[in-house]
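Just so you know, ligand 1 is whichever comes first in the structure, and atom 1 is the first atom listed for that ligand. Atoms considered below: every heavy atom in the structure, side chains included; atoms not considered: hydrogens, waters and symmetry mates.
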Amino acid sequence: MNIALKAKSRLQCKIPIHDRAAEQSCLALLQSCNSLPKLAQIHSRILKLGLLNNPLVLTKFTATSSDLNAIDYATSVIFSPESDTLLYDTFLFNTIIRAYAQINNLKTNSIECYNLMLEYGVSPNKFTYPFVLKACAGIGDLNLGKSVHGAVLKFQFGDDIHVQNTLVHMYGSCEGGIELGRKVFDEMSERDSVSWSAMIGGYARLGLSTDAIDLFRQMQISGVCPDEITMVTVLSACTDLGALEVGKWVESFIEKQMVNRSVGLCNALIDMFAKCGDIDKALKLFRSMNGITIVSWTSVIAGLAMHGRGLEAVALFEEMLEAGVPPDDVAFVGLLSACSHCGLVDKGREYFDSMKNDFGIIPKIEHYGCMVDMLCRSGRVKEAHEFIQKMPIEANPIIWRTLISACCARGELKLAESITKRLIGNEPMHESNYVLLSHIYAKLLRWEKKTKIREVMDKRGMKKIPGSTLIELDNEIYEFVCGDKSHHQSKEIYEMLDEMGRKMKKAGYVPTTSEVLLDINEEDKEDALNKHSEKLAIAFALLKTPPGTPIRIVKNLRVCNDCHSATKFISKIYNREIVVRDRHRFHHFKDGSCSCRDFW
Ligand code: ZN
Ligand code: ZN
């Protein structure tokens, strides 16, 4: 006889009346159990009464263990050598699989338990797979996910919408799996908000934010009403793209459709506004929200710092302390970078010390990075170097590159050269190290060495990460790459670029060509610089928007010296506020100067 069948017949067998009373009392005890010690007491009572083989009691015992986050306790009983395998049934396994699927580092147990279920011949049902797939998603193993998908089809649960939704989520969480997720999604006969959220979330997680927003538009057309999870996901895609207009639209949608805005949604909105360049709106939302959490504080503090409004960020941090909210390590990253941005070196040091002494937070590499940035920014290059050497953890390349940039800016070129060479030794395939070294040689007027670098890079087969800039106009997102001619208004854009160049030169702009690696003559260098993606995007914005409209762009790399200097001129000549988000921070260009005070 099949084990599962035996287990079933066992469930239906008659239990004597006196046992029934004991069973009911155990079930009642388990129902009200709210702590582990109590659970242990009930366990020994169950043993004493000989009720461990009672299927109802065992299932309730498992569910209670799970509720108390102690599923291991139950499984050690259930899978002990003395236990009666005839008691194993689908419900029992589902309870265990679900419990493990919800615990971050125990998701593999969930899969093991599912395999055990199949080994014992217990049939999975449609409630089994969403949990198993959730565990697969957490583990991120595509092959595992595919084999579970195979089982889903074999047991004929492929048409269940919940199973399909978790399949989409699982594929979207595994490297390379997004297309398979899309296939499942496209083949679904009906889709609810969970299906859409799962697919949009998959794109957003992979950084395919344009796809995420496109799909969200299709969701609108399909008439399925987005839920909170959809909105949070779409906001994170907007944040990634710097798509303020879409973000604003999402906000107005939320205002109209969602009566109760959760704290999570408010935090996502604040983060979006801060990172899409509208920090004042982020602040306004922050001031008006109920149930402010540490995440809300941190978003605004870090946002202010990124926008170069360090003093306000520091004041807000102090306000947070006064409000009795203990800061976490993320808040300190925001705070220290704020100190760095407004030149509060001594204050920054104080905060850095207080982090450990007063709040027991061990500084991480990010905090050390902020300190180095702070010292470099204030021109204390030697001190920064000493600080790095005394750090209890090893400095990462980002920290070294900060120091190198500062060395270059302060004329400490020999030090810069030796650090950069060592860095190249450690990271031979990292393009930006070579760019730095080339920059140093240009400053040292060592042209022959500079040319060598290009050769080395070619020999090692290194490709530059192509610079690209995003700009959002009329709810559309446009992307420009260096020398881009793909836009249908390309001709007008290049004409605008020429006009900008003429006006800038008249105003005293001199191109900074030293950063251009290519071994080409000066005129061509100028030309290459002229076609940097941010310049194209700005030209496009100048063409397409009425005078006085602020321009917001997002650059995937650090803004180069020349574009930085050019943008300052453009902001003055065309009387435009230009907000540039690069890989590290925001630059607010206005009236010929930038909020980063020329150190970035
Ligand atoms: Zn540039
Ligand atoms: Zn700047």
Side-chain angles (χ1 to χ4, degrees), residues 242 275 277 279 303-310 337-338 340-343 373-374 376-379 402 405-406 408-409 431-432 434-436 438-439 442 464-471 479-484 493-494 496-498 500-501 504-505 509-518 520 522-542 550-572 576-600:
K275 290 192 181 139
I279 183 69
L304 283 166
M306 275 178 87
H307 285 271
R309 287 162 63 170
S337 79
S340 172
H341 277 284
C342 55
D373 188 74
M374 186 187 300
C376 287
R377 191 176 279 273
S378 63
T402 306
S405 299
C408 292
E431 182 236 340
S432 54
Y434 295 87
V435 177
L436 278 171
S438 148
H439 188 44
K464 291 183 68 154
I465 304 167
S468 71
T469 301
L470 297 177
I471 181 163
E479 182 174 15
F480 290 92
V481 294
C482 187
D484 207 329
I493 293 172
Y494 278 88
M496 187 68 205
L497 217 52
D498 286 341
M500 283 155 64
M504 273 154 51
K505 277 204 175 148
Y509 155 82
V510 183
T512 323
T513 51
S514 61
E515 265 178 277
V516 182
L517 265 181
L518 302 168
I520 46 180
E522 286 296 316
E523 199 178 315
D524 284 347
K525 275 182 198 170
E526 250 187 79
D527 199 40
L529 279 174
N530 232 339
K531 289 170 186 163
H532 274 187
S533 58
E534 51 268 63
K535 291 203 184 86
L536 293 171
I538 292 172
F540 180 57
L542 287 174
I551 298 171
R552 294 169 204 277
I553 58 175
V554 178
K555 171 90 201 265
N556 66 335
L557 308 171
R558 175 185 176 274
V559 175
C560 84
N561 282 334
D562 182 67
C563 287
H564 196 269
S565 143
T567 312
K568 287 201 282 186
F569 276 96
I570 298 165
S571 73
K572 195 174 169 71
R576 295 281 192 123
E577 198 180 330
I578 303 173
V579 183
V580 180
R581 185 177 94 181
D582 76 1
R583 211 165 63 180
H584 300 295
R585 57 176 52 89
F586 276 96
H587 301 264
H588 283 258
F589 295 92
K590 206 180 168 183
D591 231 0
S593 62
C594 179
S595 62
C596 76
R597 295 193 267 169
D598 299 336
F599 187 91
W600 70 101

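Considering only heavy atoms from C-beta on, Tyr494 comes within 4.5 Å of Lys531 through its side chain. Put simply, the side chain of Ile570 does not reach to within 4.5 Å of the side chain of Phe589, judged on heavy atoms.
Looking at every heavy atom in both residues, Lys555 comes nearest to Thr469 through CD-OG1, 3.5 Å. Pairing each heavy atom of Phe586 with each of Lys275, the nearest pair is CZ-O, 2.9 Å. Residue Lys535 comes nearest to Leu497 through the heavy atom pair O-CD1, 3.6 Å, listed as atom of the first residue, atom of the second, then distance.
Formation of a donor-acceptor pair under 3.5 Å by the Arg585 side chain with backbone atoms of Cys596 is not found in this model.
Each protein N/O/S atom under 2.8 Å from the Zn ion (ligand 2) was counted, for a total of 4.
Shortest distance from the Zn ion (ligand 1) to His532 is reached at ND1 (N/O/S atoms only).
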